[in-house]
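Here is the structure we will look at, set down as structure tokens.
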2 protein chains.
Amino acid sequence: MNILSHSEENYLKHIYHIAGKERNKVATNSLAERLETKASSITDMLKKLKEKELIEYEKYKGCGLTDLGENIAIQIIRKHRIWETFLVNELNFKWDEVHDIAEQLEHIQSQELIDRIDAFLGFPKFDPHGDPIPNKQGKIEYRELKINLSEAKEDVNYEIVSVNEDSLALLRYLDDNKIGLGSEILILERYDFDNSLKVKIKGKKTINLSEKVTSCIGVRPM
Amino acid sequence: MNILSHSEENYLKHIYHIAGKERNKVATNSLAERLETKASSITDMLKKLKEKELIEYEKYKGCGLTDLGENIAIQIIRKHRIWETFLVNELNFKWDEVHDIAEQLEHIQSQELIDRIDAFLGFPKFDPHGDPIPNKQGKIEYRELKINLSEAKEDVNYEIVSVNEDSLALLRYLDDNKIGLGSEILILERYDFDNSLKVKIKGKKTINLSEKVTSCIGVRPM
DNA sequence: ATTACTTTTTAGGCAAGCCTAAATTTATTT
DNA sequence: AAATAAATTTAGGCTTGCCTAAAAAGTAAT
Ligand SMILES: [Mn+2]
Ligand SMILES: [Mn+2]
Ligand SMILES: [Mn+2]
Ligand SMILES: [Mn+2]
């Protein structure tokens with residue numbers, strides 16, 4: 001496999017994320033939206049990635065990663081999350097400051113480098129946003145019992161274990177309201193009208209959270 | 001100043017290095033050789049860099065950095081040397097393994113990142129090859145009394161303080177012969193025929209060094 | 001000063017990665 | 001089923017950064 005351009009690597013990574021665990025077919029427009037490019041540009045690149053056997057693609061039918069493409073995507077995600085962990089744990093960046101820098105660092109070409117940083121950090125299992133870090137072999141250990149706060153039950157104590165990492169505004173919002181990974185959270189009330197929740201963060205005041213927010217928070221029963 | 005491409009940054013850096021402390025005019029061909037591209041490509045880029053006021057350039061007369069261009073070049077060199085120091089000091093890479101990785105890392109866009117790594121390392125003054133690390137303001141403190149081993153005198157004890165960083169073959173050669181930064185070196189004999197030197201490294205055997213080698217080694221009297 | 005050689009620039013072209021506008025295919029309504 | 005709407009692809013173009021071949025300018029030798 002030849003070296004891939006930053007652009008090609010990004011396409012693979014985003015296809016992986018959009019496809020999700022169920023490996024759904026990825027529509028041209030969903031990629032265009034996520035990459036903030038026009039659909040016609042996506043089509044161009046999909047042809048190229050297919051040519052390189054990194055994706056499966058049929059005109060008008062969407063695309064999906066091949067095994068090769070998926071392995072590469074996972075390695076990029078591994079690099080992204082290890083760098084984020086390094087920035088937060090070692091350089092004292094805040095969790096909302098690291099994503100953009102990691103977007104650049106994830107494209108540094110050196111297996112040895114990322115493995116040494118991994119070791120330097122003590123082989124962390126999760127990044128600062130609670131997302132699992134794939135190991136060198138590409139194996140990902142997902143957090144067990146994790147659900148979205150939006151689907152959680154009342155009167156059960158949960159621990160916050162992850163957030164949608166890419167949303168800077170969300171991270172700032174949570175910081176501002178003293179909500180973070182490890183926070184203990186209890187749903188006091190679910191408002192059917194807009195699916196918002198009144199919750200109690202242990203040791204803090206109660207707060208109302210919109211569905212937009214709760215659907216981005218991963219929790220696990222304690 | 002808009003963000004520069006990797007390519008533009010590299011041109012500035014190499015112009016800086018070729019021009020040297022004397023800020024000599026840089027010929028098109030010398031850049032072409034160093035960047036391993038064709039002279040015509042160089043001409044193209046010089047026009048663009050001049051347009052952006054990063055270099056002074058007149059047809060057939062060579063080019064030189066403007067203050068703006070020099071500042072940017074120095075910041076890239078700062079990043080390169082800080083990353084090399086990080087790789088060697090913190091991740092235990094060897095001094096001959098870090099240059100290529102630093103060539104990539106030097107283009108990461110984040111003032112905050114490089115300043116934090118600088119702090120993390122304790123604001124090192126020199127990189128693993130003995131080259132001075134410019135500070136945040138772009139000030140470079142050169143090693144005093146430093147001369148090339150090729151110009152050093154007999155019967156004076158010197159300490160090795162730097163090597164030409166980019167030559168991988170040189171670094172391997174020195175490693176192989178147990179010569180490194182900090183080694184104490186004494187010239188036993190200078191052979192006029194080829195300007196080679198017979199030297200004694202303290203605590204090691206004597207060895208003959210070609211002028212090619214000695215001209216790449218920076219030393220300081222002890 | 002003319003010739004020969006070297007260096008540099010110009011002209012024209014190519015791949016990557018994007019764009020707009022138009023055409024085509026697929027999906028949804030009537 | 002036909003009409004309409006939405007999604008996707010094609011066609012043609014642009015910029016960046018490179019290339020080769022040819023022209024022009026500068027330099028050195030006769
Ligand atoms: Mn991220
Ligand atoms: Mn993350
Ligand atoms: Mn280097
Ligand atoms: Mn160095």
Side-chain angles (χ1 to χ4, degrees), chain A residues 1-16 18-20 24-65 69 72-73 76 103-104 106-109, chain B residues 1-16 18-19 24-65 69 72-73 76 103-104 106-107 109:
Chain A
M1 184 75 255
N2 276 326
I3 266 176
L4 300 180
S5 68
H6 287 200
S7 195
E8 290 169 325
E9 288 192 346
N10 277 330
Y11 272 78
L12 296 180
K13 180 182 65 171
H14 286 289
I15 291 169
Y16 179 89
I18 296 172
N24 296 315
K25 276 282 173 65
V26 171
T28 301
N29 270 355
S30 58
L31 266 171
E33 196 180 342
R34 212 181 148 103
L35 289 165
E36 295 181 281
T37 55
K38 300 297 167 175
S40 54
S41 306
I42 303 294
T43 304
D44 285 351
M45 183 61 97
L46 294 185
K47 286 179 192 164
K48 217 186 318 172
L49 294 176
K50 181 186 180 176
E51 195 54 44
K52 295 189 179 186
E53 298 186 53
L54 296 164
I55 63 169
E56 277 145 25
Y57 167 60
E58 275 180 287
K59 270 165 69 159
Y60 297 102
K61 300 281 171 67
C63 71
L65 296 172
I72 293 172
I76 295 161
E103 286 288 300
Q104 299 179 63
E106 72 189 6
H107 300 292
I108 301 292
Q109 299 285 353
Chain B
M1 184 75 256
N2 276 325
I3 265 176
L4 301 180
S5 68
H6 287 200
S7 195
E8 289 169 324
E9 288 192 345
N10 277 331
Y11 272 78
L12 295 180
K13 180 183 66 170
H14 287 289
I15 291 169
Y16 180 89
I18 296 171
N24 297 314
K25 277 280 173 64
V26 172
T28 300
N29 269 354
S30 58
L31 266 171
E33 196 179 342
R34 215 182 145 101
L35 289 164
E36 294 180 282
T37 54
K38 301 296 167 176
S40 54
S41 306
I42 303 294
T43 304
D44 286 350
M45 183 62 97
L46 293 185
K47 286 180 193 164
K48 216 186 319 173
L49 294 175
K50 182 186 181 175
E51 195 56 44
K52 295 189 179 185
E53 299 185 55
L54 296 164
I55 64 168
E56 278 145 24
Y57 167 61
E58 275 181 288
K59 270 163 71 161
Y60 296 102
K61 299 282 173 65
C63 70
L65 296 172
I72 294 172
I76 295 160
E103 287 287 302
Q104 299 179 64
E106 71 189 6
H107 300 293
Q109 299 285 353

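We use all heavy atoms of the structure for the numbers below, so side chains are in, but hydrogens, waters and symmetry mates are not. Remember, predicted model here, so these are calculated numbers, not experimental data. Proteins get letters first, then strands, A, B, ... in listed order; numbering begins at 1 in each.
- B/K25 contributes no side-chain N or O that, together with a main-chain N or O of B/G62, makes up a donor-acceptor pair within less than 3.5 Å.
- Atom-to-atom, CD of B/E51 to P of D/dT15 comes out at 14 Å; the value is rounded to the nearest Å.
- OP1 or OP2 of D/dT8 sits under 4.0 Å from a side-chain N or O of A/N29.
- Put simply, CG on A/L35 and OG on A/S41 are 10.0 Å apart, with the number rounded to the nearest 0.5 Å.
- Across the interface with DNA chain C, nearest-nucleotide mapping of B/A27 and A/S7 shows B/A27 to be the residue nearer the 5′ end.
- Taking atom CG of residue B/L35 and atom C1' of nucleotide D/dC18, one finds them 12 Å apart after rounding to whole Å.
- Atom NZ in A/K38 sits about 14 Å away from atom P in D/dA7, given to the nearest Å.
- Listed pair A/K48 / C/dG17 meets the phosphate criterion, a side-chain N or O lying under 4.0 Å from OP1 or OP2.
- If you measure from atom NE2 of B/H107 to atom P of D/dG17, you get 12 Å, rounded to the nearest angstrom.
- Taking every heavy atom of both residues into account, B/A73 and B/Y16 meet most closely at CB-CB, 3.8 Å.
- Atom pair A/L49:CG and C/dA16:P shows a separation of 12 Å (rounding to whole Å applied).
- One interatomic measurement links the two molecules: CG of A/N10 to P of C/dA16, which rounds to 17 Å at whole-angstrom precision.
- Between the CD1 atom of A/I15 and the CG atom of A/L31 there is a distance of 5.0 Å, given to the nearest 0.5 Å.
- Taking a cutoff of 4.0 Å between a charged side-chain nitrogen and a carboxylate oxygen, A/E103 and A/K13 qualify as a salt bridge.
- No more than 12 heavy atoms of other residues, nucleotides or ligands shown are found within 6.0 angstrom of CD on A/E33.
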Show me the protein contacts with nucleotides 9-13 of chain D, counting only N or O atoms at under 3.5 Å.
{"residue": "D/dT9", "atom": "OP1", "partner": "A/Y57", "partner atom": "OH", "Å": "2.3"}
{"residue": "D/dT9", "atom": "OP1", "partner": "A/Y60", "partner atom": "N", "Å": "3.0"}
{"residue": "D/dT9", "atom": "OP2", "partner": "A/T28", "partner atom": "OG1", "Å": "2.9"}
{"residue": "D/dT9", "atom": "OP2", "partner": "A/T43", "partner atom": "OG1", "Å": "2.8"}
{"residue": "D/dT9", "atom": "OP2", "partner": "A/Y57", "partner atom": "OH", "Å": "3.4"}
{"residue": "D/dT9", "atom": "O4'", "partner": "A/Y60", "partner atom": "OH", "Å": "3.4"}
{"residue": "D/dT10", "atom": "OP1", "partner": "A/K59", "partner atom": "NZ", "Å": "2.7"}
{"residue": "D/dT10", "atom": "OP2", "partner": "A/K47", "partner atom": "NZ", "Å": "2.7"}

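- Between atom CE of residue B/M45 and atom CG of residue B/L12 there is a gap of 8.5 Å, rounded to the nearest 0.5 Å.
- Residue A/S5 places at least one side-chain N or O under 4.0 Å from the OP1 or OP2 atom of C/dG17.
- Computed from coordinates, the A/L31 CG to C/dG17 P distance equals 15 Å when rounded to whole Å.
- With rounding to whole Å, A/E8 atom CD is found 12 Å from C/dA15 atom C1'.
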